[in-house]
Amino acid sequence: MSIRDKLTRLLGPEPAASPDRARVEQAMRGSRRPADIAEVVEGEDAGGGTFLVRRGHDVPVEFSEADPRWWAALAREPRWAGARREDVAFLDLETTGLAGGTGTVAFLIGLARVRDGRLETRQYFLRSPASEAAALARVEEELSGCTHLVTFNGKCFDLPLLETRFVMQRRELVTLPHLDLLHPARRVWKRRLEDCTLGRLEAEILGRARHGDIDGAEIPQRWFDWLALGDARPLAAVIEHNRLDLVALASLAGRLARLLANPSEAVHATDLFSLGSMMARDGDVRAEPTLGEALARGAREAAPELARVKKRRGARDEALPLWELAARDPGRRGLEAGVELAKHYEHKSKDPARAHAVTQGLLARGDLTTREREGLVKRLHRLERKRARTTGGFV
DNA sequence: TATGGGAATTGCGAAAGGTA
DNA sequence: TACCTTTCGCAATTCCCATA
């Protein structure tokens with residue numbers, strides 16, 4: 001029995017080849033010789049087996065006009081307030097998989113930065129795992145010339161992975177004030193969009209749909225194929241994907257800053273509500289007018305949030321009509337608003353009979369959790385005792 | 001498929017208000 | 001005045017989701 005036969009018995013038959021893999025193998029079998037990365041993508045040798053792809057782009061207008069203090073608010077990191085746009089780096093990695101740890105390699109490290117009035121992308125491609133030390137040295141050099149860093153989901157993915165690679169190469173990754181756009185993007189748009197992937201945001205928010213873009217899950221295999229077969233043709237789409245991600249990051253950073261600076265520019269009332277909620281959470285005094293405008297533009301869900309802001313300010317009388325409005329909502333917001341109304345009538349209006357009626361109405365709902373029901377029953381019993389004391393009896 | 005940030009939920013203690 | 005109840009804010013925990 002041959003070694004191949006023994007392995008087949010041990011591991012089972014080989015999995016079916018992916019369409020891309022089949023194409024690469026076809027190219028290998030046919031007359032077309034494998035193409036080097038330099039034949040497929042315009043770039044230059046950056047030393048140590050690293051291939052550098054540079055491209056220039058128009059700086060997104062919203063990015064060039066953004067006031068850095070809004071990035072400070074988005075990042076919840078005051079050090080952003082003093083950022084110069086020219087010193088901001090955008091980072092995006094293409095790797096051999098999602099799993100962290102030492103086994104995952106970043107084979108394409110994309111960086112972007114404004115230079116001489118243009119947004120320049122620099123993508124460092126590793127011809128082999130052995131090129132990593134040289135690539136990381138270049139990245140270290142690039143980042144040490146920057147003061148701030150922007151990523152998408154970089155807190156969980158890009159930065160921990162890059163940090164591990166730096167440790168593996170006995171280097172230290174420079175620590176910069178970091179804005180991970182995923183989280184502010186979720187805060188602003190998750191109520192309206194199906195999800196908050198970068199692709200979705202690019203299409204729905206920036207109005208740029210990509211055609212023929214590679215699925216992220218296919219990316220690792222294309223690099224493995226390159227290592228095995230030496231044909232770089234399937235990698236062109238990976239490099240393009242990474243470049244477009246970098247440009248999208250700059251646009252998104254600009255768009256978010258602009259919306260936070262001028263919330264009224266939000267096209268959708270729901271987005272305006274989200275901006276107001278974000279401001280309320282961050283203690284921004286513009287929360288109240290922003291939520292008020294969202295409500296006026298039809299976002300009824302802004303009513304309870306606006307009422308909470310007013311209540312916190314001590315303006316309970318202004319909050320009352322908002323709770324009354326929200327209480328008509330058959331959903332969870334209506335329940336929360338109803339409880340607030342009951343509290344108001346009991347403790348502020350000193351009208352236990354009215355509070356009792358509101359509580360009884362809430363108990364008739366069919367969507368209460370055990371915990372909510374228990375809370376309402378407790379409230380109802382207390383109100384009954386209270387009313388019995390004030391009227392000398394209870395119905 | 002692993003990972004971890006952050007929103008949502010839950011738990012706890014201090015403060016305030018009400019009652020005997 | 002002392003005790004009890006409720007509210008509110010902060011801390012701890014849970015769950016969701018985006019990345020290649």
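Protein chains get the first letters and strands the later ones, always in sequence-line order, with residue 1 at the start of each. Heavy-atom basis, side chains included; hydrogens, waters and symmetry copies ignored.
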Report the distance from atom CG of Asp282(A) to atom C1' of dG6(B), rounded to the nearest whole Å.
12 Å
Using only heavy-atom distances, determine whether the side chains of Asn262(A) and Ser264(A) contain a donor-acceptor pair under 3.5 Å.
no
Distance, rounded to the nearest Å, where His178(A) contributes NE2 and dG5(B) contributes P
11 Å
Classify the nucleic acid contact of Arg76(A) as base, sugar-phosphate or nothing, counting any heavy atom under 4.0 Å across all strands shown.
sugar-phosphate
Kindly give the atom pairs (protein nitrogen or oxygen, nucleotide nitrogen or oxygen) under 3.5 Å for nucleotides 18-20 of chain C.
from	atom 1	to	atom 2	distance (Å)
dA18(C)	OP1	Cys196(A)	N	3.0
dA18(C)	O4'	Arg186(A)	NH2	3.4
dA18(C)	N3	Asn153(A)	ND2	3.4
dT19(C)	OP1	Leu198(A)	N	2.8
dT19(C)	O4'	Asn153(A)	ND2	2.8
dA20(C)	O3'	Glu94(A)	OE1	2.8
dA20(C)	O3'	Thr95(A)	N	3.1

Nearest-Å distance for atom pair CZ/C1', residues Arg200(A) and dC17(C):
14 Å
Within the pair His183(A) and dA7(B), is there a side-chain N or O less than 4.0 Å away from OP1 or OP2?
no
In whole angstrom, what separates His347(A)'s NE2 from dT19(B)'s C1'?
14 Å
Does Arg316(A) make a side-chain N or O approach to OP1 or OP2 of dT7(C) shorter than 4.0 Å?
no
Nearest-angstrom distance from the residue atom OH of Tyr345(A) to C1' of dT7(C):
19 Å
Rounded to the nearest angstrom, tell me the gap between atom CE in Met278(A) and atom P in dA8(B).
13 Å
For Arg122(A), is there an ion pair with Glu120(A) - N to carboxylate O distance below 4.0 angstrom?
yes
What integer distance in Å separates Lys343(A):NZ from dT5(C):P?
17 Å
Under 4.0 angstrom, heavy atoms only, what part of the nucleic acid is Arg379(A) near: base, sugar-phosphate, or nothing?
sugar-phosphate
If we ignore angles and hydrogens, is there a donor and acceptor under 3.5 Å between the side chains of Ser251(A) and Arg208(A)?
yes
In whole angstrom, what separates Arg281(A)'s CZ from dC10(C)'s P?
12 Å
Salt-bridge contact Lys311(A)-Glu340(A) (side-chain N to carboxylate O under 4.0 Å):
yes
Parallel, tilted or perpendicular: which fits the ring planes of Trp223(A) and Phe107(A), with parallel below 30° and perpendicular above 60°?
parallel
Phosphate OP1/OP2 of dA8(B): any Lys190(A) side-chain N/O under 4.0 Å:
yes
Taking NZ, NE, NH1 and NH2 as the nitrogens, is one of them in Asp225(A) or Arg222(A) under 4.0 Å from a carboxylate oxygen of the other?
no
Connecting only ILVMFWY residues whose side-chain heavy atoms lie within less than 4.5 Å of each other, what is the rest of Leu295(A)'s hydrophobic cluster?
Phe273(A), Leu291(A), Leu306(A), Val309(A), Leu322(A), Leu325(A)
